[in-house]
2 protein chains.
Amino acid sequence: MRNLCDHIARLQAGGNRSFGRSPLAAWARFVTLGDMIRTVVLYALALAAGAFALQWLQYNYLVRTFPVEIYIALIAVAFAGLGVWAGLRLARRPAPETFERNTAAIASLGITQREQQVLELLASGKSNKEIAHKLGVSPNTVKTQVASLYQKLEVQRRTQAVQKARELALIP
Amino acid sequence: MRNLCDHIARLQAGGNRSFGRSPLAAWARFVTLGDMIRTVVLYALALAAGAFALQWLQYNYLVRTFPVEIYIALIAVAFAGLGVWAGLRLARRPAPETFERNTAAIASLGITQREQQVLELLASGKSNKEIAHKLGVSPNTVKTQVASLYQKLEVQRRTQAVQKARELALIP
DNA sequence: TACGATTTGGTCCTTTCGGGTGATGGAAAA
DNA sequence: TTTTCCATCACCCGAAAGGACCAAATCGTA
C-alpha cells in the first residue's frame, strides 16, 4: 500500500508543478469554465458588433466610394485583430502563482493531517524541537511523526523528504 | 559584506521565479527575438495566401454565385481563425521549465563555485559523506564548505539552507 | 614576491537526527 | 464490542550534522 513506485506515475499527473507543453493544454487545465464562457461570449459579441457595423457601412457609404478590395482588407484586418486578441486572452493563465496541494498523492500515501503540518514545518527548515514547540507537543512525538513521514515517502533524511514532497506537490 | 538583509530586496528582483502578470509581459520576457520574427513571418505569409485565394475566388466563382454577405462571412471567419491561431502562438511560453541561476545573488553573497556544487548536492538530499564521495574529497572538506555556506546564507541547518537557496533562486 | 582568497584537510566536542521498540488513550470502523 | 488507526510520549543507541578551532597547498593579483 505504501509503495511509492506504484503511485508516482499516477500521482505526478495530479500535481500542477509540471506545466503543459502546448498553450492549449495549459489553458484547458488552468482556466475555469466560467472564464472560458465569458471569453467566448465577449468574442461573439464583438463579432456581432463588427458584423453589424460592416453591414451599416456597406449599405450606406463605403461600397459606393471605395473599390471592393479595400473593403475586404478592412474586414480582414479587423477580424484578424479580433482573433489575435481572443487568442491572447484564451492563452492567458489566470493565476500563475497559485499552488494546489496534490491531495490525491497525500491520500494515496496515507499521510495524515498532523503529518502534513509536520512536513510543512520540516520543509521550512525547523528542527524537531522547534516543530514540537510550535505544535505544542513533545519532541519525541515529532520524531515519531517525522519517522513515519520518512517511511511513507521512502527517504532517509529530511532534505530528501523535502525534495520528494516538493516533487509530488505535497508542499509549495 | 555578507549581510543578507541588505541584499535580499535587490537580489530577489534578479531571480526569475516570479512570472509576469500579463500574458504579454510574460511573452516579451520569455520569447526570443528569432521566435517572434518567425511567428510574424508565418502570419504574414498566411495572410498573403488567404488574400490571394480570396482574390482568385472573387474573380472566378464566388461573387457570381453567392450573395456578398456569405463572402464577407467567409473572410471574417478565416481571418478570425488566423488571428486566434497567431494569438495563441504569440502567447505561448517557449520553455516553461527553464531556470536561470541568480548569478547576481551568488556573487553578492560571495558563494564560490565549489560551494555551489556542494549546495546543489546538499539540496538534492545527499549527506556530507555522499557529497564528499561524489566530489572526490574528504568529508571534513565538505563539512567546512557546508559550514561556510551556512555563514553566507545566515542559516543554521541544511534544510534552512535549501529553503533560502531556493528563495534566492540559487538552485532550481 | 607578497598578499589574499580558495580549496583542502584535520581535531574535539556537542547537538541533532534517524532507527528501533514499546506503550497509552481516544476515535472510528468492522 | 472488538479491532484498527491515529496521536501521543518515552527510552536507547548509533550515525550524522554542526560549532569552533587550526593549518597546509594552490592560485591569481597587486
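Since the structure is predicted, the reported quantities are computational estimates derived from the model, not experimental observations. Just so we're on the same page: letters track the sequence lines, and every chain starts at 1.
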Taking only residues two or more places apart in sequence or in another chain, which ones pass side chain to side chain donor-acceptor pair (under 3.5 Å) with [X]?
| X | value |
| --- | --- |
| B:Gln156 | none |
| B:Glu115 | B:Thr112, B:Ser148, B:Lys152 |
| A:Thr144 | none |

Expressed in angstrom and rounded to an integer, what is the separation of [X] atom [atom1] from [N] atom [atom2]?
| X | N | atom1 | atom2 | answer |
| --- | --- | --- | --- | --- |
| B:Lys152 | D:dG19 | NZ | C1' | 17 Å |
| A:Leu109 | D:dC6 | CG | C1' | 17 Å |
| A:Leu153 | C:dG18 | CG | P | 12 Å |
| A:Lys129 | D:dG18 | NZ | P | 15 Å |
| A:Glu130 | C:dC17 | CD | C1' | 14 Å |
| B:Leu149 | C:dT8 | CG | C1' | 15 Å |

Side-chain N or O of [X] closer than 4.0 Å to phosphate OP1/OP2 of [N]:
| X | N | value |
| --- | --- | --- |
| A:Asn140 | D:dC9 | no |
| A:Gln145 | D:dT8 | yes |
| B:Ser138 | C:dG10 | yes |
| A:Arg158 | D:dA16 | no |
| B:Thr112 | C:dT6 | no |

(Q) Within the 4.0 Å limit for protein heavy atoms, which parts of nucleotides 19-30 of chain C are touched? Write it as a string from 5' to 3', B for base, S for sugar-phosphate only, - for none. (A) B-----------
**Q.** Position toward the 5' end of DNA chain C (nearest nucleotide), B:Glu115 or B:Pro139
**A.** B:Glu115
Q: Apply side-chain contact (heavy atoms from CB on, under 4.5 Å) to B:Ala78 and list each qualifying residue two or more places apart in sequence or on a separate chain.
A: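 With neighbours one apart ignored, the set is empty.
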**Q.** Test side-chain contact (heavy atoms from CB on, under 4.5 Å) applied to B:Thr103 - qualifying residues, sequence neighbours left out
**A.**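 Partners of B:Thr103 under the side-chain contact (heavy atoms from CB on, under 4.5 Å) test: none.
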Table please: side-chain donor-acceptor pairs of residues 135-143 of chain A below 3.5 Å, with sequence neighbours left out.
residue  : atom : partner  : partner atom : Å
A:Ser138 : OG   : A:Asn140 : N            : 3.0
A:Ser138 : OG   : A:Asn140 : ND2          : 3.4

Q: Report the end-to-end axis angle of the helix from C:dT1-D:dA30 to C:dA30-D:dT1; each axis comes from five terminal pairs, and the value is rounded to 10°.
A: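 Taking five pairs per end, the axes differ by 50°.
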Q. Roughly how far, to the nearest 0.5 Å, is the OH atom of A:Tyr150 from the CD atom of A:Gln160?
A. 9.0 Å
Q) Could you give the distance from CZ (B:Arg158) to CG (B:Leu153), rounded to the nearest 0.5 Å? A)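 Nearest 0.5 Å value for the CZ-CG distance: 12.5 Å.
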Q) Taking DNA chain D as the partner, which of residues 116-128 of chain B come within under 4.0 angstrom of it by heavy atom? A)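 Per residue number, the list reads B:Ser127, B:Asn128.
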Q | salt bridge (Lys or Arg N to Asp or Glu O under 4.0 Å) contacts in which one or both residues fall within residues 123-134 of chain B, not counting sequence neighbours | A |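 For residues 123-134 of chain B, and leaving out neighbouring residues, the salt bridge (Lys or Arg N to Asp or Glu O under 4.0 Å) pairs sorted by first residue read A:Arg157-B:Glu130.
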Without placing hydrogens or testing angles, list every side-chain donor-acceptor pair under 3.5 Å for residues 116-124 of chain A, not counting sequence neighbours.
residue  : atom : partner  : partner atom : Å
A:Gln117 : OE1  : A:Arg114 : NH1          : 2.7
A:Glu120 : OE2  : A:Arg101 : NH1          : 3.2
A:Glu120 : OE2  : A:Arg101 : NH2          : 3.0
A:Ser124 : OG   : A:Leu121 : O            : 2.7

(Q) Using every non-hydrogen atom in the two residues, find where B:Leu109 and B:Leu168 come nearest and quote the distance to one decimal. (A) CD1-CD1, 3.9 Å
Q | For B:Ala105 against B:Leu170, the heavy-atom pair lying closest together | A |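 The pair with the smallest heavy-atom distance is CB-CD1, 3.6 Å.
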